[in-house]
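Let me begin by presenting the structure, written as structure tokens, before commenting on it.
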Amino acid sequence: MSDTSPTKPAKPATLRRAILAWYHANRRDLPWRRTDDAYAIWISEAMLQQTRVETVIPYWERFLARVPDPTALATADVDDVLGLWAGLGYYSRARNLHRAAQEIVERHGGNVPDDVDDLLALPGVGRYTAGAVASIAFDKPAPLVDGNVERVLTRLYGIDGEVKSVPVQRRLWDEAAALVEGEEPGALNQALMELGATLCTPRAPRCLACPWTKHCRAHAEGREEALPVKKRARAAKRVAAAGVWLERDGKVLAVQRPKEGLLGGLWELPGGDLDAKEDPVAGLARQLEARLGIEARDVAAVGSVEHLFTHRRLTLHVFRATAPPGRIRRVGWDAHRWVSSTGFEGLALGGPTRKALELLAGAP
């Protein structure tokens with residue numbers, strides 16, 4: 001049986017030649033592919049996790065304009081960093097970048113390290129990011145596996161078994177390590193990701209345009225869309241919360257979430273989660289009493305917004321109200337501020353709060 005038979009994929013050298021030729025002829029012109037600056041590449045890889053390329057580009061450009069190197073990021077206020085990140089989600093990525101930049105300044109003289117182990121020692125840097133930075137920025141033969149690469153390799157080799165299981169992950173990393181050995185390791189890793197993003201897609205893959213069609217076991221067996229094998233996704237849990245535009249003397253109250261946890265460190269409207277089947281007005285009153293020590297006046301419903309997290313679907317009921325005079329007794333938030341009616345624009349906000357403010361802006 002020849003090496004190119006679907007039951008025995010071609011040798012890594014043959015696969016490398018085919019995919020590199022395809023990549024150099026077909027790769028998308030993305031801004032982080034026009035630089036060899038390790039810092040810029042690192043920032044792009046952090047942003048691209050769980051986020052579409054089209055969304056990332058303007059964020060990446062704005063981020064680098066404001067904090068162009070590790071020293072600038074390390075010395076920036078973390079609230080400013082979160083503000084630059086606001087809208088990308090998964091805010092722990094931004095906090096980890098800030099902490100990692102401080103370690104780069106302290107331990108590596110302000111230069112992103114080129115060693116995989118040194119990269120892995122940085123906060124928030126896992127095996128994928130370390131492999132991406134080491135290979136793309138420093139041309140080191142470091143493997144990487146992300147969702148796109150999982151899909152490409154499970155199909156190429158016909159790998160059954162749940163894709164996130166330990167045996168399958170071990171096999172995928174071994175195959176990626178074999179492929180990355182040789183010339184242009186950074187281009188090879190980008191080619192794998194590019195193939196998954198543009199041709200070897202989850203649905204209706206464009207197999208006839210793929211450089212590995214004749215080597216792909218899944219294609220030979222007609223199982224392209226059956227691989228990779230994934231666990232059935234959990235249905236998003238429905239939860240409800242209330243938030244209020246709370247005014248006093250022409251100012252509006254903004255509160256900051258704790259640094260750790262969901263939407264950590266971001267600013268929001270005061271309020272909180274509702275109990276199951278709790279009336280939103282009653283729930284808002286309960287939360288304001290417990291968390292601010294106040295009883296709001298002139299409470300008026302504005303409407304509600306929906307926001308989908310990974311495993312939660314939030315309905316946020318939005319209100320306007322007036323705060324009585326007296327001291328705020330804050331519980332469960334890290335900080336609070338009385339801001340002008342446009343003051344929220346300068347704060348780092350999560351998706352639900354942005355939607356609530358849009359609703360308020362359009363309300364009579």
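- Of the possible polar contacts, none joining the E106 side chain to the E103 backbone as a donor-acceptor pair under 3.5 Å is found.
- Put simply, the side chain of R329 never gets that close to the backbone of R291: no donor and acceptor are under 3.5 Å apart.
- Here CG of L347 is found 10.0 Å from CG of L266. Values are rounded to the nearest 0.5 Å.
- Atom CZ of R327 is surrounded by 12 or fewer heavy atoms from other residues, nucleotides or ligands within 6.0 Å.
- For the pair P352 and F309, the minimum side-chain heavy-atom distance is below 4.5 Å.
- Taken from CG in L84 to CZ in R66, the straight-line distance is 4.5 Å, to the nearest 0.5 Å.
- Remark: the backbone N or O of W333 is not paired with any side-chain donor or acceptor of Q256 at under 3.5 angstrom.
- A distance of 7.5 Å separates CG of L64 from CG of D37, quoted to the nearest 0.5 Å.
- Both W212 and I159 belong to a common hydrophobic cluster when Ile, Leu, Val, Met, Phe, Trp and Tyr are linked at side-chain heavy-atom distances under 4.5 angstrom.
- By the 4.5 Å heavy-atom criterion applied to side chains, E224 and C207 are counted as neighbours.
- Between D29 and R34 there is a salt bridge, since at least one side-chain N of the basic residue sits less than 4.0 Å from a carboxylate O of the acidic one.
- Shown are V56, L97, L48; of these, the side chain to side chain contact (heavy atoms under 4.5 Å, CB included) with I43 is made only by L97.
- Atom CG of L308 has more than 12 heavy atoms from other residues, nucleotides or ligands within 6.0 Å.
- Linking ILVMFWY residues whenever their side-chain heavy atoms come closer than 4.5 Å, directly or via other members, places Y59 and Y39 in the same cluster.
- Using a 4.0 Å cut-off between charged side-chain N and carboxylate O, D279 and R286 make no salt bridge.
- H336 places a side-chain heavy atom less than 4.5 Å from the side chain of I328.
- Judged by distance alone, the side chains of Q190 and R27 never bring a donor and an acceptor atom under 3.5 Å apart.
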Stepwise, does the side-chain contact (heavy atoms from CB on, under 4.5 Å) test hold for L263 with T353? CA-CA 10 Å; L263 303 176; T353 301; over 6 Å; no
Side chain to side chain donor-acceptor pair (under 3.5 Å), that's the test. Do T129 and Q49 meet it? Break it down for me. CA-CA 9 Å; T129 302; Q49 294 172 34; 2.9 Å; yes
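- Side-chain contact of N96 with R93: a donor-acceptor pair under 3.5 Å is absent, judged by distance alone.
- Atom CD of E183 has 12 or fewer neighbouring heavy atoms from other residues, nucleotides or ligands inside a 6.0 Å radius.
- With a 4.5 Å cut-off on side-chain heavy atoms, E295 and L288 do not count as touching.
- In the hydrophobic cluster analysis, where Ile, Leu, Val, Met, Phe, Trp and Tyr join through side-chain heavy atoms closer than 4.5 angstrom, L119 is grouped apart from M193.
- Here the closest heavy-atom approach between residue T71 and residue G110 is recorded as OG1-CA, 4.4 Å.
- At distances below 3.5 Å, at least one donor-acceptor pair connects side-chain atoms of E162 with backbone N or O atoms of S165.
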Is there a side-chain contact (heavy atoms from CB on, under 4.5 Å) between L73 and V105? Walk through the geometry before answering. CA-CA 10 Å; L73 178 55; V105 170; over 6 Å; no
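- To the nearest 0.5 Å, the span separating CD1 on I19 from CG on L156 amounts to 9.0 Å.
- Heavy-atom neighbours of D77 CG from other residues, nucleotides or ligands within 6.0 Å: above the threshold of 12.
- With respect to the salt-bridge test (charged N to carboxylate O, under 4.0 angstrom), the residues R354 and E358 do not qualify.
- Around atom CZ of R62, more than 12 heavy atoms belonging to other residues, nucleotides or ligands sit under 6.0 Å away.
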Under the criterion side-chain contact (heavy atoms from CB on, under 4.5 Å), I'd like the reasoning laid out for L349 against L357: C-alpha separation, chi angles, the key distance, then a yes or no. CA-CA 10 Å; L349 309 172; L357 293 175; 3.6 Å; yes
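- Residue W85 holds its CH2 atom at 9.0 Å from OG of S92, rounded to the nearest 0.5 Å.
- For the residue pair E45 and W32, no side-chain donor N or O sits within less than 3.5 Å of a side-chain acceptor on the partner.
- By the 6.0 Å contact criterion, NZ on K230 is open, its count of non-hydrogen atoms from other residues, nucleotides or ligands being 12 or less.
- For the side chain to side chain contact (heavy atoms under 4.5 Å, CB included) criterion with L246, the lone passing option out of V252, L284, V255, I294 is I294.
- Ring centers of F319 and H317: at least 6.0 Å apart, outside the cut-off.
- Going from atom CG of L314 over to atom CD of E306 covers 7.5 Å, rounded to the nearest 0.5 Å.
- Using a 3.5 Å distance cut-off with no hydrogens or angles, the side chains of Q169 and E150 do pair a donor with an acceptor.
- Salt bridge R257/D334: absent, no basic N to carboxylate O contact under 4.0 Å.
- A side-chain donor-acceptor contact under 3.5 Å links H307 and K355.
- The two atoms that bring F138 and A38 nearest to each other are CZ-CB, 3.4 Å, heavy atoms only.
- Hydrophobic clustering (ILVMFWY, side-chain heavy atoms < 4.5 Å, transitive): L192 and Y128 are in one cluster.
- Between R171 and E175, at least one side-chain N (NZ, or NE/NH1/NH2) sits under 4.0 Å from a carboxylate O, which counts as a salt bridge.
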